[in-house]
Every structure is written in structure tokens, then in C-alpha cells.
Amino acid sequence: MSEQNSEFKTTKEILKLNEGEKVKVRGWIYRKRDLADNIFIVIRDSEGIIQTVLSRKNSPESIISLAEKANIESSIMVEGVVKNDERAPGGKEIQIENLSVIGFSDDFPIKGGESIDYLLDIRHLWLRSRKLTAVMKIRQSILEGMREYFKKNNWWEVNPPILTQSAVEGGATLFEVNFFGKKAYLSQSAQFYLEVMIFSLERVWAITPSFRAEKSRTRRHLYEYYHLEGEAAWMNMKDMMGHVEGLVKSAIKKVLNDRLEELEIVKRNVNILENSLKASFPEITYDEAIEKLRRKGINLKWGDDIGADEEKVLTEYYDTPFFLTMFPKHLKSFYMKIDDSRPELVYGFDLEAPEGYGEVVGGSQREDSYEKLYKRIIEEGLNPNDYQWYLDLRKYGSVPHSGYGLGVDRLVTWIAGLDHIRDSIPFPRFRERIYP
RNA sequence: GCCGGGGUAGCUCAGCAGGUAGAGCGCCCGGCUGUUAACCGGGCGGUCGAGGGUUCGAGUCCCUCCCCCGGCGCCA
């Protein structure tokens with residue numbers, strides 16, 4: 001038995017039907033215009049919109065009064081005949097023969113022109129908009145494209161915990177939870193758990209919510225975000241950069257393939273996306289980046305961090321995503337592997353999205369020597385006791401390995417060309433917002 | 001946490017030499033109408049973010065607090 005109820009056609013299917021065919025549709029009233037001879041009801045469903053027309057002359061009074069009473073966003077079912085008419089959006093409409101209201105709607109609060117603040121208060125209603133619907137579909141395709149890439153390259157998907165005992169890195173602020181009287185925290189990264197898993201599965205990935213309690217006031221931070229992380233044995237930094245490039249390209253390809261209509265709804269210029277598939281992503285080392293920025297007249301010296309403003313300047317050199325690599329070790333985390341030929345550097349890489357969007361991926365080759373890792377932990381002023389099981393991994397058949405974390409919501413924001421990360425996810429957690 | 005901007009009708013905003021609150025949209029009523037965010041006329045609608053102060057009088061000036069927006073930092 002099919003899950004699809006064949007009795008009803010979707011709005012998209014109806015646009016492909018011939019004149020004269022009899023159909024049933026169901027959905028929500030998107031627009032209604034009550035005129036002298038006709039009532040126009042535009043119906044919205046998950047796939048699009050279709051105009052339906054109720055003739056006042058040829059319809060029973062009972063149906064006309066239903067149509068008059070049904071406000072925007074009422075859920076209705078309509079039965080009628082397909083008719084070609086170039087005045088209708090999409091060139092087709094349905095002449096209504098029968099109509100029933102499933103659920104009447106109160107006066108819908110969104111009419112156009114509302115402020116972001118107000119719309120966020122009614123996010124549960126705002127999510128019905130065509131724009132947000134399109135973004136959610138793009139998001140799905142991005143995840144699908146990446147999933148296909150993992151599958152093709154024989155990576156294993158695993159499910160690490162969200163409740164954890166301690167931080168991966170000392171710095172980032174954690175949300176604390178009460179774990180039966182013990183202090184526990186919401187995970188900020190699954191990295192250490194994935195590193196465990198490579199000793200059996202070799203190539204593993206996970207998508208989990210990650211949490212950062214650091215108060216941020218930017219358009220690229222969420223307190224709760226979808227973190228896609230990968231970790232693989234036997235791969236060095238370059239290998240992993242190649243993997244990340246393939247992963248991101250797979251997402252872009254999927255979207256360009258399946259979601260052109262939605263890209264148009266969100267008014268995304270697809271040139272940059274198409275460019276990004278053509279060439280390989282350029283790499284620029286930290287050294288070169290500092291050099292470039294200095295030539296641009298920015299007052300920076302070697303060892304300074306490359307901040308958001310500097311990233312935006314670098315972004316101007318490229319029309320595809322690009323890698324930033326080989327950072328001074330004092331700017332990065334203790335677990336990144338040191339370059340023995342230049343011990344002030346670590347094998348770290350970031351993937352930056354163009355057009356000013358900035359960092360989407362952060363990754364590195366991991367330190368695989370017990371002694372060196374132990375030393376780095378001490379150097380950073382951390383307590384080795386907090387990292388006992390993590391250190392253990394270097395005592396039982398350690399291997400060179402690398403990994404990364406990708407901000408799913410940031411990738412969606414860039415690919416969909418959004419101006420704020422909040423619209424990349426249905427219920428964004430940011431700016432002290434927890435409702436709805 | 002820091003810097004900047006802002007809270008006035010259901011929504012978007014105007015009003016700021018301090019003198020009893022206004023427009024557009026929405027809503028209700030009427031008209032017109034194969035409409036495309038339809039149009040035209042009328043009506044309803046406000047403890048001016050909260051508290052305190054100055055003043056004969058405060059949306060307007062002063063103080064404190066709350067909330068929102070943009071940017072930095074933190075990172076994905």
C-alpha cells in the first residue's frame with residue numbers, strides 16, 4: 001500500500017495536467033480575492049500554489065458562503081476541473097465544483113511588512129512562508145548531498161553522545177545540566193568520541209546538535225547548531241582537505257540539481273555555486289594570508305589572529321570557497337599536530353565560504369604521539385586527568401588521523417544566500433530566544 | 001563582554017524649540033471589480049517599553065532598569 005493518498009493531486013502535479021481533467025486538491029488558503037462573479041482562492045501545499053476559482057453564478061449557496069467565511073490559512077479541500085488560463089499564476093487554475101473547509105483560520109497575523117522581532121515571536125506561523133519552506137528544502141538537499149558522498153566513499157555514520165562530562169577545548173562556554181547530582185554538559189563537539197571510533201571503523205562521521213553558551217551577537221552564530229563532524233584514520237591534513245572539498249561540492253551539486261526552483265524563491269544567484277563546482281578550492285597558508293592582508297594595507301603582524309573583518313577581505317580574492325591552512329599553534333587547539341619542520345605551526349585548516357560568509361569548516365590533523373599530546377596539554381595549562389581516555393587512544397596502536405567539524409547551518413546560509421543564520425534552521429536558538 | 005542604533009495603534013513608522021497623539025497597512029461596514037500583496041469611501045483602534053525625577057504641563061528633557069536590531073570578540 002502506498003503512503004501517498006492517490007485521491008488528491010499536489011499543486012505541482014496539477015500544473016502538468018491537461019485542461020478538462022477532474023481533480024481534488026487540499027491545502028491552505030494562500031490568498032483570497034472575493035469579487036463580483038468569482039471568488040479566487042489560491043491554495044498552498046508543500047509543493048507550491050494553485051489558483052482555484054469559485055463561480056458565484058454556477059455554485060450552490062452553501063459552498064459560496066463557506067468560501068466567503070474561510071480566511072487566509074484555513075485548511076480546505078477542493079474538487080474541480082482543470083482549466084488553462086494565462087491570467088492564473090502558473091497558467092492553470094481549477095474551476096471549483098465542490099469545496100469543504102477542514103479547519104477555519106483566525107485572522108492570520110502575517111500580512112507582509114512585519115519586523116523580524118515580531119516574526120520570530122510567531123516563528124511557528126512564519127515557517128509557513130514560501131521563503132522559509134524553500135530554505136528547509138534546500139537544507140534537506142544539502143544534507144542529502146553530503147550523506148551520499150559519505151556513502152560513496154565508505155564512511156560510517158555513528159551516534160556520539162550529547163550529554164558529556166567535560167569540554168573538548170578549555171575555552172568555549174558550556175551549558176550545564178544536572179546529571180543526577182553530577183555536573184554534566186551539553187556537547188560542544190563530538191570530535192573526541194569520533195576519534196575513539198576510528199580505531200574500529202576507520203572513517204566515521206556524525207551529525208549532532210552542538211551547544212555553545214558564549215553570548216554571541218553576530219549573524220553567523222547559534223547557541224544550538226547542527227554540527228557535522230568527520231574523523232578518519234590514515235588521513236593527513238591534505239587528504240582530509242580533499243575529502244571536505246568533495247563533501248561540500250556534493251552538497252552544492254545536489255542543490256543545483258534538485259532545488260533550482262527553491263533557489264529562485266530565495267533569490268539566490270547561482271553563478272558562485274556553479275563556479276565552485278568547476279575548479280578545485282584554492283589553498284592559502286596563514287603566512288600567505290598575512291602577506292596578502294599587509295599588502296592590502298591592513299596593519300597585522302605574523303602571529304595575529306585573522307578575524308572576521310580580515311576574513312572578509314580575503315574573501316574578495318576568491319569566487320569559490322577556499323582553504324586557510326597552517327596556523328601558528330598558539331592560535332589553535334592543543335590536539336592539532338605540530339609541523340616538525342616549523343614547530344611554531346600546526347596542521348590546521350579552515351574552509352571559508354566566499355561572498356563574505358566566512359568560516360564553514362574547521363579541521364586539522366590530530367596529534368597522534370602520546371608524549372607530544374601530553375606536553376601540549378600541560379603547555380596549554382590544562383589538566384591531563386581530564387583527558388585520560390583521550391590520551392589512552394595514543395597508547396594502543398596510535399595512527400595518523402585527521403578530522404573536521406562543519407557548521408551545517410552556516411553551509412545552508414551560504415548556499416541559500418541568506419543574510420542571517422537564523423533562517424537556515426526552523427527554530428533558531430540565538431540572542432536569548434527560546435520561544436517558540 | 002564591548003561599540004553603535006532603536007522601543008509610539010494589531011503591523012510598519014511619523015511626531016522631538018515640552019502644550020492633551022497622526023499616516024499607511026490590517027480589521028469591521030458599504031461600494032466596485034478575472035483578481036494577482038486587488039481597488040475606492042467610512043468606522044473601530046493607543047497605560048507613547050517600565051519605574052522615578054524636573055515642570056503649571058512630558059511621547060518629547062534628566063536618571064535607573066528591561067527588551068530588540070547592527071558590528072566586534074568567541075567559534076562551526
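Worth knowing before you read on, the calculation uses all heavy atoms, side chains too, and leaves out hydrogens, waters and symmetry mates.
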Candidates Phe150(A), Trp155(A), Tyr149(A) - the one meeting ring-ring contact (aromatic ring centres under 6.0 Å, His included) with Trp205(A)
Phe150(A)

Residues that Val101(A) engages under side-chain contact (heavy atoms from CB on, under 4.5 Å), provided they are two or more places apart
Leu66(A), Ala70(A), Ile76(A), Leu99(A), Phe104(A)

For [X], give me all partners under salt bridge (Lys or Arg N to Asp or Glu O under 4.0 Å), at least two apart in sequence or on another chain.
{"X": "Arg259(A)", "answer": "Glu262(A)"}
{"X": "Asp239(A)", "answer": "none"}
{"X": "Lys92(A)", "answer": "none"}

So what's [N] paired with, Watson-Crick or G-U wobble, going by both distances under 3.5 Å?
{"N": "A23(B)", "value": "U12(B)"}
{"N": "G41(B)", "value": "C29(B)"}
{"N": "U64(B)", "value": "A50(B)"}
{"N": "C72(B)", "value": "G1(B)"}

Counting just side-chain N and O atoms, does Ser115(A) come under 4.0 Å of either OP1 or OP2 of U12(B)?
yes

Would you call Ile207(A) and Leu143(A) a side-chain contact if the rule is heavy atoms closer than 4.5 Å?
yes

Within a strict 4.5 Å, meaning less than it, do heavy atoms of the Val408(A) and Leu411(A) side chains meet?
no

Answer yes or no: side-chain N or O of Gln51(A) and base N or O of U35(B) forming a donor-acceptor pair under 3.5 Å.
yes

Does Asp37(A) get its side chain close enough to the base of G34(B), under 3.5 Å, for a donor-acceptor pair?
no

Taking only N/O atoms, report every protein-nucleotides 23-32 of chain B pair under 3.5 Å with atom names and distance.
{"unit_1": "G26(B)", "atom_1": "O2'", "unit_2": "Lys111(A)", "atom_2": "NZ", "d": "3.2"}

If you take all heavy atoms of Ile110(A) and Ile122(A), which pair is closest and at what distance?
CG1-CD1, 3.5 Å

How far does the P atom of C44(B) sit from the matching atom of A50(B), given to the nearest Å?
25 Å

For Arg217(A), answer base if it contacts any base atom (sugar-phosphate contacts may also be present), sugar-phosphate if it contacts only those atoms, and nothing otherwise; contact means non-hydrogen atoms under 4.0 Å.
base

Tell me whether Phe40(A) and G34(B) count as stacked here, given that the ring centres must be under 5.5 Å apart and the planes must differ by less than 30 degrees.
no

Nearest-Å distance, [atom1] ([X]) to [atom2] ([N])?
{"X": "Ile122(A)", "N": "C11(B)", "atom1": "CD1", "atom2": "P", "result": "10 Å"}
{"X": "Ile41(A)", "N": "U36(B)", "atom1": "CD1", "atom2": "C1'", "result": "15 Å"}
{"X": "Glu229(A)", "N": "A76(B)", "atom1": "CD", "atom2": "C1'", "result": "9 Å"}

Among [options], the one nearest [X] by side-chain distance:
{"X": "Gln95(A)", "options": "G1(B), G34(B), U36(B)", "answer": "G34(B)"}
{"X": "Asp117(A)", "options": "U33(B), U12(B), C68(B)", "answer": "C68(B)"}
{"X": "Leu35(A)", "options": "A76(B), U33(B), A37(B)", "answer": "U33(B)"}
{"X": "Lys312(A)", "options": "C11(B), G34(B), G71(B)", "answer": "G71(B)"}

Heavy-atom contacts under 4.0 Å between residues 409-424 of chain A and RNA chain B, which residues?
Arg410(A), His420(A), Arg422(A)

